[in-house]
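One structure is given below, encoded as structure tokens.
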Amino acid sequence: MPPHDQPSTSSKNPVPREAFATSLGAVVVALGSAVGLGNIWKFPALVGQNGGAAFVLLYLVCVAGVGLPVLIAELQIGRRARANAVSAFRKLAPGKGWRLIGISGVIAAVIIMAFYTDVAGWVYSYAFKALTGGLAADQTGAIFDQTIGSPVSSLIWQYLALAVPTIVVIMGVGKGIERVIKRLMPLLLTLLIICGIRALSLPGASEGLAFLFRPDLSKISATVVLTALGLAFFKLSLGMGAMLTYGSYMSDAQSIPGTAAKVVIADTLVSLLAGIAIFPAVFAFGYAPTEGPGLLFVTIPSVFAEMPFGAVFTFLFFVLTAVAATGAMISLVEVPVAFIHETLGWSRRKAGLWTAAVMALLGVPAALSTSVWSSIKPFGLTFFDLFDFVSSNILLPVGGIGIALFAGWVWSKDLFVKSVSNEGSLHNQGLMSAIHGLLRFATPVAVTIVLLNGLGFIKI
Ligand code: TRP
């Protein structure tokens with residue numbers, strides 16, 4: 001074994017590391033990172049803006065063909081290194097270049113949080129509005145415009161949405177997060193199903209279903225392909241070391257491929273369910289599917305409005321969306337905190353407070369870009385859209401290429417197969433050799449082409 005790749009058991013990490021208590025807990029926490037605003041807010045918005053079912057199809061191809069192999073690689077790199085996103089590459093990789101993957105991940109975490117906390121803040125405020133009767137069904141459009149258009153209240157809700165995951169991360173990865181997320185995920189699923197059934201019973205629901213599931217392939221373009229790929233990375237929390245960091249807390253007996261498969265399947269189901277809850281309502285109530293970021297906020301209150309106990313369901317829906325968003329934000333805050341805590345030796349508390357301070361600062365231009373700064377457009381995008389674009393469509397895919405290249409080239413096929421099969425005890429060697437081959441050639445080449453094509457550097 002080369003000297004830079006010590007097996008995890010002989011790690012001389014001076015900081016005692018935490019670990020997930022159970023195998024199910026590890027799956028649920030990884031799922032807690034994956035499931036978030038990406039499913040409930042971003043997926044429907046992008047499906048609506050990019051032509052419906054054709055985009056859904058592309059997204060599914062990206063998730064299965066690129067997302068799953070990269071997720072396996074990322075979790076495995078973390079588990080083997082037992083370290084944060086930057087130190088992992090310092091431990092496992094020859095040369096210094098590889099740690100740029102981790103550094104770009106820490107930067108991506110801050111950029112994502114800048115706009116993610118903004119949307120999470122809207123969700124928190126909608127839960128509050130639902131509770132206090134502030135979501136009149138016939139004014140959902142106006143209520144949304146008012147929510148994003150008020151700079152002061154946007155920022156207050158945003159900071160609240162940032163404070164919650166920061167506190168959880170400071171408290172540690174231990175049983176707290178694991179237990180809370182394990183209880184709440186089934187509740188979110190149940191509510192999405194109720195919401196879906198309710199939406200399907202609306203008059204005109206079939207039009208929404210056709211939009212979601214009957215593809216019109218003429219809608220596909222280079223940008224649409226890049227958007228689908230970017231969403232796959234964003235959805236599965238890939239390409240910036242979040243899954244790597246969580247993998248570092250997983251036990252040597254955990255099945256990494258099994259965990260990855262469960263996360264991918266469950267996460268995709270949640271997105272599709274959210275689509276089923278939202279699109280029938282879009283058509284039934286005559287909204288435009290291209291509405292974008294407001295789609296969730298205008299449709300859901302309308303879906304529940306006329307139903308018995310509608311206000312209760314709307315309230316529960318936004319509370320659970322807030323919970324899902326918070327689970328995702330925990331992993332976004334954890335990446336820089338684990339890095340700072342382990343490399344600078346700062347306490348989790350000090351690392352958490354500094355991380356949150358930087359995120360809060362970068363969150364200001366995102367929050368204000370839907371109101372007073374809406375006309376400031378570097379590169380033709382508002383700050384909100386710019387942060388979203390740079391992270392999802394550039395930093396995450398580039399990080400994904402790095403992770404694939406690392407697992408495919410720095411790790412030999414033997415080393416990769418041995419470690420993801422838990423030293424041969426999992427009997428998945430054939431499949432895992434194929435995945436190693438994918439990571440070595442197909443994944444980096446495909447992601448590079450989609451990236452260059454989507455950004456306009458090459459034309460296919
Ligand atoms: N996957 C989450 C969602 O869909 C967002 C998220 C959490 C994320 N951690 C991440 C995205 C790390 C990219 C990288 O809402």
Side-chain angles (χ1 to χ4, degrees), residues 28-47 59 62-63 66-67 70-71 74-75 78 84-85 101-102 104-120 122-123 161-162 164-166 168-169 173 177 181 185 188 192 227-247 260 263-264 266-275 293 296 320-339 355 359 387-400 402-403:
V28 176
V29 175
L31 192 60
S33 165
V35 172
L37 296 173
N39 311 66
I40 302 167
W41 164 73
K42 203 173 203 225
F43 175 82
L46 290 181
V47 169
Y59 172 71
C62 292
V63 162
V66 177
V70 173
L71 178 54
E74 205 179 314
L75 288 171
N84 64 79
I101 302 173
S104 121
V106 172
I107 296 169
V110 175
I111 298 180
I112 291 175
M113 277 297 276
F115 73 91
Y116 205 95
T117 48
D118 195 18
V119 183
W122 305 340
V123 172
L162 172 62
V164 177
T166 304
V168 177
V169 166
V173 199
I177 309 178
I181 294 184
M185 291 297 268
L188 175 67
L192 268 176
T227 308
L229 182 76
L231 179 63
F233 277 102
F234 185 88
K235 268 306 323 117
L236 297 171
S237 307
L238 294 175
M240 56 148 274
M243 289 300 185
L244 187 158
T245 306
Y246 276 3
V263 168
V264 166
D267 180 71
T268 306
L269 282 178
V270 174
S271 297
L272 292 175
L273 266 175
L296 165 74
L320 288 173
T321 303
V323 170
T326 305
M329 288 190 286
I330 288 170
S331 71
L332 284 159
V333 177
E334 176 65 18
V335 170
V337 170
F339 164 62
T355 300
M359 290 172 168
F387 293 159
D388 185 359
F389 184 86
V390 168
S391 53
S392 290
N393 293 2
I394 300 176
L395 292 176
L396 300 182
V398 169
I403 285 163

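Counting starts at 1 for both ligands and their atoms, following the listed order. These numbers were taken from a predicted model, which means no experiment stands behind them. What's counted below: heavy atoms across the whole structure, side chains too, no hydrogens, waters or symmetry copies.
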- Task: Kindly determine whether S331 and S237 satisfy side-chain hydrogen bond (donor to acceptor under 3.5 Å, both in side chains), including the steps that lead there.
- Result: CA-CA 9 Å; S331 71; S237 307; 4.7 Å; no

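Counting all heavy atoms, side chain and backbone alike, A325 lies closest to A120 at CB-CB, 4.3 Å. A85 and T245 make their closest contact through N-OG1, 4.1 Å (heavy atoms, listed as atom of the first residue, atom of the second, distance). Minimum heavy-atom separation, A242 to V335: CA-CG2, 3.4 Å.
Proximity of a side-chain donor or acceptor of E74 to a complementary backbone N or O of G239 within less than 3.5 Å is detected.
Residues forming a salt bridge (Lys or Arg N to Asp or Glu O under 4.0 Å) with D388 (at least two apart in sequence, or on another chain): K42.
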I'd like the atom pairs linking ligand 1 to the protein - N or O on both sides, separation under 3.5 Å - with distances to 0.1 Å.
residue, atom, partner, partner atom, Å
ligand 1, 1 (N), S33, O, 3.2
ligand 1, 1 (N), A34, O, 2.9
ligand 1, 1 (N), F234, O, 2.8
ligand 1, 1 (N), K235, O, 2.9
ligand 1, 1 (N), S237, OG, 3.0
ligand 1, 4 (O), A34, O, 3.0
ligand 1, 4 (O), G38, N, 3.3
ligand 1, 4 (O), K235, NZ, 2.5
ligand 1, 9 (N), S237, OG, 3.3
ligand 1, 9 (N), S331, OG, 3.0
ligand 1, 15 (O), L37, N, 3.2
ligand 1, 15 (O), G38, N, 2.8
ligand 1, 15 (O), Y116, OH, 2.5

